[in-house]
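A quick write-up on the structure given underneath.
Whatever order the structure lists them in is the order used to number ligands and atoms, beginning at 1.
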Amino acid sequence: MNKFKDGIGLRLLRYVFGCYLVVALIVTGVQLLSEYSQAKSNIFSQTYELEASFKDSFISSMWSFDTPQLEVILAGITKIDIVAGIKIMTEKNQPLASSGNVVTTDSQIISSTDLLAPGIKKIVLVQADSTARQTLFEYKFPLEHRESMSDPFKLIGYGYIYTDVNTIIERVKFSFILIIINSLIKTAALWLFFLYFVNRFIAKPLAALANAAGALNPEKLETLNSSKELDHVMKTKHNDEVYLLATNFDQMRIAILDKLAVIESQKSQLEERVLDRTKSLSKANDELRHLTLHDALTSLPNRTLFKDRLEQFIKVGQRNNTRFIVASIDLCGFKSINDNYGHQIGDLILIEVARRLSSVFRSTDTVARMGGDEFYALLALESDDCSDGEILVQKFIKVLESPILCDEENIPSILISANIGTAIYPLHGEDSAALIKNADMAMYHAKKSGIHHLHYSAEEDIRLRRQSQLAKDFNIAIENNELFLVYQPILNIESNRVTKIEALVRWQHPTLGLISPVEFIPICERTGSIHQLTQWVFQQACTQCKPYCDVDESLSISINLSGRVFSQPEIPQLLENICKLSNMSPSNINLEVTETTAMEKPDQAIDIMNQLTAKGFTISIDDFGTGYSSLSYLVMLPVKELKIDKSFLLNLGKNSEKVIKAMIDLAHSLDLKVVGEGVETKVLLDMLEVMGCDYAQGYYIAKPLSADALHNFLYPPNLQKAHSI
Ligand code: C2E
Ligand code: MG
Ligand code: MG
């Protein structure tokens, strides 16, 4: 009960008790009032009876003027309990006799009220001998007498009977007490009764319901499964509101239980679905990861994964002081396979190459495809001399040798080979970028050299770096005036006169110094700058040599032409235009074309050469003897001259002497003039003269001369000296 100090039971009890108390008080009050008025009317009735009983005695005593008798009677009447006092007055209201407590002329009347009872007044007064207030009921009755029956009644006085209010109260006092006790007992009984039933049928069940509600916890199913409190309430089977509430509440509990069961099953279904989703997500994630880390075509690791593995190899290498190889693999001629057979076949080739690569390399190695026909491999090395890595590379080269058979019709089995460049950690690089770059470098070098496999070499690296710097720097070399021409005189052996001058280009690099054309011309050929260079050399040579040609019309200026310019159909016109601009006659210009480049695309070369000779230029085959000239083509070329490469004279031996002689004879038999290059000594000049060679060029005659030096050479202050060469 303590728990519910302010519970509905106690509150109900308080209100009911309060209400009942008010009602009980009213009822009791009414009862008391009615008891009082009953007593009062009884007393009034007794007063009337007294009047009736003693009236005649009063009248006879008065009629006989027997006042003592009257007083005795009055005294006797006063003894009756209800009578407080009695007095007899004359008809003129003179006191005649009185007894007890009566209103006298000395009495101080405070109020006088007529009551409903006939002849009775309520008088509040203070007696002359007292200060206390009194309330008296006064009954006044007339006293009349007639002498005979035939006479009329004659008023002889009045009688006054007084009753004290206290007498009435005294009479009802006991009843009052009884009524109050009765009310109190009823109130207490009712209160207790109510207390019991309110507690039992309302407060307790409600408290039980409240406890049951409080005990329900959706987190703990057992609290929902059964509820003792609810069971207890429902056992009473009173079909009242509390029972209804408990039943509804129980239904609610069961509904919650059901809902919870549904939620639980949905939860487990959801969990299962989430689990499934998670599984498929992680599967998708794995697939995605595989896709992002592998090449879609060959399923080999891609660039990202390769780099990641490479970093791991480096870490292991650093920790265990071990070596490994980074191999850069490039397929030879893959582009032409793609061009000739289409990308589908190209893809098949790549898949097959990937398969063969994977079959050769071990599980500890990594083979990756970076894109196109670029493959990379990481080969763990077990031996210090890297022989196992070398064996693997050779194995791969070997396994690639067998032709790749395509299922496609009309496509023959395809032969493919690879260039492989390798860099060894940590010898050729300690970080991934350096290792990849150096392996690439080695691969490019192998490709260029036509070798299957090359290890990285620092020298080659330096060379290639220098080449790429030169290629870059050459772009601004012309506009920066870093190029200049030197001229090497060519001697007509028979006349002992310089009748030809070869223009040779030089590059004064701002930081690398003087660069030989042997180094930068191939670079220009690769980058395409050769066209720009050719025009510049041509213009420069025409401008600088025009004055000499004006003096000596037979002077021939030899200008070297790269074979690459033959791919430019407009070259004849271009050269002619340059000549025109400098007023140089094409007949003064001899174009030197190396044997090899002339033979690269003979038909094209022959066509361009024909156009050039048609415009008046003459053509020489430069560095003759170093290439593989086809004599049949040579015959078709509109050339006037062969220049025997300087290597023959510089490395002179018995055999080369014979070769030189044979070349001279061959040229003469084809009606071609011959220039011997590399004449560094008088002996060589004499030898050429003996062999019938037409011209000689070499340091013995003159080294390549600057434009100023050439001028001095051609027009020496002492002409005699110049002719004595
Ligand atoms: P080339 O046309 O055969 O030029 C002759 C080369 O031999 C020149 O080298 C010259 O300096 C060198 N030489 C001449 N006499 C001797 C000698 O007695 N002993 C030795 N050891 N060498 C001698 P250079 O100037 O370095 O030119 C090399 C090559 O560069 C030329 O060979 C030519 O093929 C190419 N070249 C030079 N200038 C040009 C040019 O303006 N355009 C093109 N396309 N190629 C050029
Ligand atoms: Mg030359
Ligand atoms: Mg030459």
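Annotation: atom 21 (N) of ligand 1 to nearest protein heavy atom, E680 OE2, 3.2 Å. Nearest protein neighbour of atom 6 (C) of ligand 1, counting heavy atoms only, is K646 NZ, 3.7 Å. Scanning the protein heavy atoms around atom 8 (C) of ligand 1, the nearest turns out to be L504 CD1, 3.8 Å. Atom 1 (P) of ligand 1 has as its closest protein heavy atom D622 OD2, 3.6 Å. With hydrogens left out, the protein atom closest to atom 11 (O) of ligand 1 is P704 CG, 3.3 Å, a heavy atom.
Of the candidates V537, V518, I559, V675, V518 brings a heavy atom nearest to atom 28 (C) of ligand 1. Across the listed options S562, S647, S620, P517, P517 owns the non-hydrogen atom lying nearest to atom 24 (P) of ligand 1. Taking only non-hydrogen atoms, the option from L483, L561, N560 nearest to atom 33 (C) of ligand 1 is N560.
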Per-pair distances, 0.1 Å, donor-acceptor, side chain in residues 392-402, under 3.5 Å, sequence neighbours excluded:
unit_1	atom_1	unit_2	atom_2	d
Q394	NE2	E390	OE2	3.2
S402	OG	R356	NH1	3.2
S402	OG	V399	O	3.3

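H445 places no side-chain N or O within donor-acceptor distance of the main-chain N or O of M441, the cut-off being under 3.5 Å. N588 contributes no side-chain N or O that, together with a main-chain N or O of I557, makes up a donor-acceptor pair within less than 3.5 Å. Checking side-chain atoms of D552 against main-chain N and O of S554 turns up a donor-acceptor pair under 3.5 Å. Proximity of a side-chain donor or acceptor of D694 to a complementary backbone N or O of V674 within less than 3.5 Å is detected.
Taking distance alone, with nitrogen or oxygen atoms compared against 3.5 Å, L533 stays at or beyond that limit from ligand 1. Polar contact with ligand 1: present for Q488 (N/O pair, distance under 3.5 Å). By the 3.5 Å distance cut-off applied to N or O atoms, Y699 is counted among the residues near ligand 1. When only interatomic distances are considered, the shortest N/O to N/O separation between Y700 and ligand 1 does not fall below 3.5 Å.
If you look at L650 next to ligand 1, the close heavy atoms, those under 4.0 Å, all belong to the side chain. If you look at D623 next to ligand 1, the close heavy atoms, those under 4.0 Å, all belong to the side chain.
Remark: K447 is not positioned above the aromatic ring of Y444, lacking an NZ or CZ atom under 6.0 angstrom from the ring centre and at most 45 degrees off the axis.
Residue pairs meeting the ring-ring contact (aromatic ring centres under 6.0 Å, His included) criterion with at least one partner in residues 493-515, sequence neighbours excluded, are F474-W507, W507-H509, W507-F520.
Atom NZ of K307 has 12 or fewer heavy atoms from other residues, nucleotides or ligands within 6.0 Å. Enclosure of atom CD in E553 is not indicated, since only 12 or fewer non-hydrogen atoms of other residues, nucleotides or ligands lie within 6.0 angstrom.
Residue E592 has at least one heavy-atom neighbour below 4.0 Å for each of these atoms of ligand 1: 2 (O). The ligand atoms of ligand 1 that sit less than 4.0 angstrom from a heavy atom of E677 are 3 (O). Applying the 4.0 Å criterion to heavy atoms of V679 picks out, from ligand 1, the atoms 18 (O).
Between F713 and I701, the closest heavy-atom pair is CE1-O, 4.1 Å.
Protein heavy atoms are found less than 4.0 angstrom from atom 38 (N) of ligand 1.
Under the salt bridge (charged side-chain N to carboxylate O under 4.0 Å, His left out) criterion, K673 pairs with no residue, sequence neighbours left out.
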Given D440 and Y376, is the side chain to side chain donor-acceptor pair (under 3.5 Å) satisfied, shown in steps? CA-CA 9 Å; D440 281 345; Y376 282 80; 2.4 Å; yes
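Of all the N, O or S atoms in E502, the one closest to the Mg ion (ligand 2) is OE2.
For the Mg ion (ligand 3), the nearby protein N/O/S atoms, meaning those under 2.8 Å, are D622 OD1, D623 OD1, E677 OE1, E677 OE2.
By the 4.0 Å N-to-carboxylate-O rule, E519 lies close enough to R466 to be salt-bridged with it. Ion pairing between a basic and an acidic side chain is recognised when a charged N comes within 4.0 Å of a carboxylate O; E592 and K643 show such pairing. A salt bridge between K500 and E641 is present, with a side-chain N of the basic residue lying under 4.0 Å from a carboxylate O of the acidic one.
Look at R506 and you'll find a heavy atom under 4.0 Å from some atom of ligand 1. At least one heavy atom of E502 lies less than 4.0 angstrom from ligand 1.
Using a 30° and 60° split on the angle between ring planes, F313 and F324 fall in the perpendicular class, above 60°.
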